[in-house]
Amino acid sequence: MSKVLITGGLGYIGSHTVVELYENGYETVIIDNLYNSRIDVLDKLEKITKKKISFYKGDVRDKDLLRKIFSEEEISGVIHFAGLKAVGESCEIPIEYYDNNIGSTIALIEVMKEFNVKRIVFSSSATVYGKCKVVPLKEDSPLDATNPYGRTKLFIEGILKDLYESDKTWEIGILRYFNPVGAHKSGLIGERPNGTPNNLVPYIAEVAAGIRPHVRVFGNDYDTKDGTGVRDYIHVVDLAYGHVLALKKLDEAHGLLIYNLGTGTGYSVLDVIKAFEKASNIKIPYEFYDRRPGDIATSYADPTKALKEIGFKAKYGIEEMMEDHWRFQKNLYIK
Ligand code: NAD
Ligand code: UFG
């Protein structure tokens with residue numbers, strides 16, 4: 001049976017996508033250099049899926065390793081998650097971000113071409129909408145990047161569009177994720193923050209676990225219902241299932257397809273804190289801080305195109321996102 005190659009498959013979104021793929025009859029091969037993940041995720045994935053999963057430890061920029069994988073495995077398509085993703089860090093070490101994110105994509109495309117595998121789904125981000133103030137964000141909203149990380153995503157989208165224009169036999173899915181949170185129901189896999197969490201929900205979970213004294217709410221003077229930033233949080237399991245739908249669509253529709261993966265609903269920072277308190281039954285102290293540089297007031301998706309064309313609709317609400325996130329993250333801290 002042909003398999004889907006998952007780059008960065010031991011990471012947060014990749015690992016959940018591996019589970020959804022097996023649940024929908026696909027098999028996978030994973031390549032990951034463990035830069036931001038741990039090998040025990042592979043055991044957890046095998047436990048959840050009850051399958052033996054082929055794993056190659058290494059870097060996607062290593063074309064010889066990619067050739068080995070394409071020679072040894074029967075690969076029918078690729079989902080490309082591998083990359084660096086921290087906005088703040090990307091301003092400190094931009095060249096590493098360009099090298100890793102863009103270099104891995106080019107190496108991957110070159111080897112895919114050598115092996116005549118021309119189906120790729122790419123992890124893009126709502127960050128490509130930059131400071132766009134008109135919400136909900138649609139796939140044809142203006143694009144812009146405000147930091148090196150975002151620029152890597154915009155460049156890669158451009159590279160994939162140029163590739164498709166030059167050879168229309170490629171089948172390309174570009175998925176723009178909004179804010180993934182939550183974890184698999186088993187509590188076995190989830191997001192493992194490395195150092196101080198940048199993102200809101202992992203930070204709240206560390207406050208709930210008593211590791212940090214309070215949540216720093218960045219800004220309470222935005223033009224939003226309660227003054228705090230509004231985002232489109234999406235359960236990682238819903239997001240993962242979006243990849244299955246995108247692959248199925250590429251099977252029948254070919255072409256270059258771009259979809260937002262979000263719920264279409266925006267929640268403020270205070271809404272999220274409240275939902276987490278309810279899910280965990282723990283009081284979450286918070287304090288207001290200055291706005292975080294680069295943040296925008298409001299970002300949420302128009303999910304209509306993904307619903308219409310691939311049948312994507314998020315199933316889980318904010319309560320389940322918080323419950324599932326906490327189930328996984330509390331096990332890391334509270335034994
Ligand atoms: P993650 O860091 O948990 O997963 C990425 C995985 O890729 C890690 O396991 C890491 O070890 C691996 N990796 C990194 N560079 C590699 C390389 N050169 N070769 C091989 N493996 C490599 O991140 P995630 O949250 O799962 O994100 C996956 C993708 O989705 C990324 O491309 C990210 O930019 C994108 N994305 C994430 C978010 C988010 O909020 N998590 C939002 C939008 C887009
Ligand atoms: N926030 C806080 N305190 C924190 C962390 C965040 O108040 O400790 C606020 C932010 O100001 C923002 C909201 O919570 O209003 C969400 O912030 P996150 O850092 O969790 O998420 P972002 O929307 O800033 O960015 C995330 C990813 C990006 C990705 C983007 C869109 O980090 O890589 O979602 O997908 F591009």
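We're numbering straight along the sequence, starting at 1. Whatever order the structure lists ligands and atoms in, that order sets their numbers, starting from 1. Computed over heavy atoms, backbone and side chain alike; hydrogens, waters and symmetry mates excluded.
By the 6.0 Å and 45° rule, Arg231 does not stack over the aromatic ring of Tyr300. For Lys51 and Tyr22, the positive end is not near the middle of the six-membered ring at less than 6.0 Å and at most 45° from its axis. Annotation: cation-pi pair Arg212/Tyr203 present, NZ/CZ under 6.0 Å from the ring centroid and within 45° of its normal.
Ligand 1 has an N or O atom lying under 3.5 Å from an N or O atom of Asn33, backbone or side chain. The shortest N or O to N or O distance between Asn199 and ligand 2 is below 3.5 Å. Polar contact with ligand 2: absent for Ile296 (N/O pair, distance under 3.5 Å). Ligand 1 has an N or O atom lying under 3.5 Å from an N or O atom of Val60, backbone or side chain. At under 3.5 Å, a nitrogen or oxygen of Arg216, whether backbone or side chain, sits near a nitrogen or oxygen of ligand 2. Between His80 and ligand 1, a contact under 3.5 Å exists for no N or O pair. Remark: ligand 2 and Val269 share no N or O pair separated by less than 3.5 Å (distance only, no angle test). Between Asp59 and ligand 1, a contact under 3.5 Å exists for at least one N or O pair. For Lys153, a nitrogen or oxygen atom sits less than 3.5 Å from a nitrogen or oxygen atom of ligand 1, counting backbone and side chain alike. Taking any N or O of Tyr35, backbone or side chain, at least one lies under 3.5 Å from an N or O belonging to ligand 1. Polar contact check, Phe218 against ligand 2: a nitrogen or oxygen pair lies under 3.5 Å apart.
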Going by atom type alone, with no hydrogens or angles, which donor-acceptor pairs under 3.5 Å involve a side-chain atom of residues 312-319 and a protein atom two or more places apart or on another chain?
none

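Protein heavy atom in closest approach to atom 13 (C) of ligand 2: Tyr233 OH, 3.6 Å. The protein atom (non-hydrogen) at minimum distance from atom 34 (O) of ligand 1 is Tyr149 OH, 2.7 Å. The closest protein non-hydrogen atom to atom 12 (C) of ligand 2 is Arg231 NH2, 3.7 Å. The protein atom (non-hydrogen) at minimum distance from atom 39 (C) of ligand 1 is Pro180 CG, 3.5 Å. The closest protein non-hydrogen atom to atom 20 (O) of ligand 2 is Leu200 N, 2.8 Å. Atom 4 (O) of ligand 1 has as its closest protein heavy atom Gly11 CA, 3.4 Å. Nearest protein neighbour of atom 24 (P) of ligand 1, counting heavy atoms only, is Lys85 NZ, 3.7 Å. Residue, atom and distance of the protein heavy atom nearest to atom 2 (O) of ligand 1 are Asn36 ND2, 2.7 Å. In this structure, the protein non-hydrogen atom closest to atom 29 (C) of ligand 1 is Phe81 O, 3.3 Å. In terms of protein heavy-atom proximity, atom 7 (O) of ligand 1 is nearest to Gly8 CA, 3.3 Å. Among all non-hydrogen protein atoms, the one lying nearest atom 27 (O) of ligand 1 is Ile13 CD1, 3.8 Å.
For the 3.5 Å distance criterion, the side chains of His80 and Ser123 fail to qualify, holding no donor opposite an acceptor. In this model, a donor atom of one side chain and an acceptor atom of the other lie less than 3.5 Å apart for Tyr333 and Glu206. Asp324 and His184 are not linked by any side-chain donor-acceptor pair at a separation below 3.5 angstrom, with hydrogens and angles left out of the test.
Ring geometry for Phe81 versus Tyr177: interplanar angle of 30 to 60°, hence tilted. In this structure, Tyr12 and His325 have perpendicular ring planes: the angle between them is above 60°, well past the 30° mark. Ring-plane geometry between His214 and Tyr289 is classed as tilted, the angle between the planes lying from 30 to 60 degrees on a 0 to 90 degree scale.
When the heavy-atom distances from atom 34 (O) of ligand 2 to Ile204, Thr228, Asn179 are ranked, the shortest goes to Asn179. Selection from Asp32, Leu10, Val41 by nearest heavy atom to atom 8 (C) of ligand 1 gives Asp32. Closest heavy-atom approach to atom 10 (C) of ligand 2 among the candidates Val215, Val272, Asp295, Thr298: Asp295.
Residue-ligand proximity, Arg292 to ligand 2, at heavy-atom distances under 4.0 Å covers atoms 5 (C), 6 (C), 10 (C), 17 (O), 18 (P), 19 (O), 24 (O). Listed by number with element, the atoms of ligand 2 under 4.0 Å from a non-hydrogen atom of Asn198 are 5 (C), 19 (O). Taking every non-hydrogen atom of Val217 and a distance limit under 4.0 Å, the qualifying atoms of ligand 2 come out as 7 (O). Taking a cut-off of under 4.0 Å to the non-hydrogen atoms of Ser125, the atoms of ligand 2 that pass are 29 (C), 31 (C), 35 (O), 36 (F).
The shortest heavy-atom distance from Tyr129 to ligand 2 is not under 4.0 Å. Under the 4.0 angstrom criterion for non-hydrogen atoms, Tyr289 is not in contact with ligand 2. Heavy-atom distances between Ser15 and ligand 1 stay at or above 4.0 Å for every pair.
Under the ring-ring contact (aromatic ring centres under 6.0 Å, His included) criterion, Tyr286 pairs with Phe288, not counting sequence neighbours.
By the 4.5 Å heavy-atom criterion applied to side chains, Ile258 and Asp140 are not counted as neighbours.
Contacts between Ser124 and ligand 1 below 4.0 angstrom, taking non-hydrogen atoms only, involve the backbone exclusively. Using a 4.0 Å cut-off between heavy atoms, Leu34 contacts ligand 1 through its backbone alone, with no side-chain atom that close. Here Ala126 has heavy atoms under 4.0 Å from ligand 2 in both its backbone and its side chain.
Using modelled atom types, one side-chain atom of Asp32 and one backbone atom of Leu10 make a donor-acceptor pair closer than 3.5 Å.
No single ILVMFWY cluster, assembled from side-chain heavy atoms under 4.5 Å apart, contains both Ile174 and Leu239. With hydrophobic clusters built from ILVMFWY side chains whose heavy atoms lie under 4.5 angstrom apart, Phe155 shares a cluster with Tyr164. The hydrophobic cluster containing Ile6 also contains Ile48, counting ILVMFWY residues as joined when their side-chain heavy atoms lie under 4.5 angstrom apart, directly or transitively.
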Practice task
Could you walk me through whether Tyr267 and Val230 pass side chain to side chain contact (heavy atoms under 4.5 Å, CB included), step by step?
Solution key: CA-CA 5 Å; Tyr267 287 102; Val230 167; 5.9 Å; no
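Between Pro197 and Pro202, the shortest heavy-atom contact is CB-CB, 3.7 Å.
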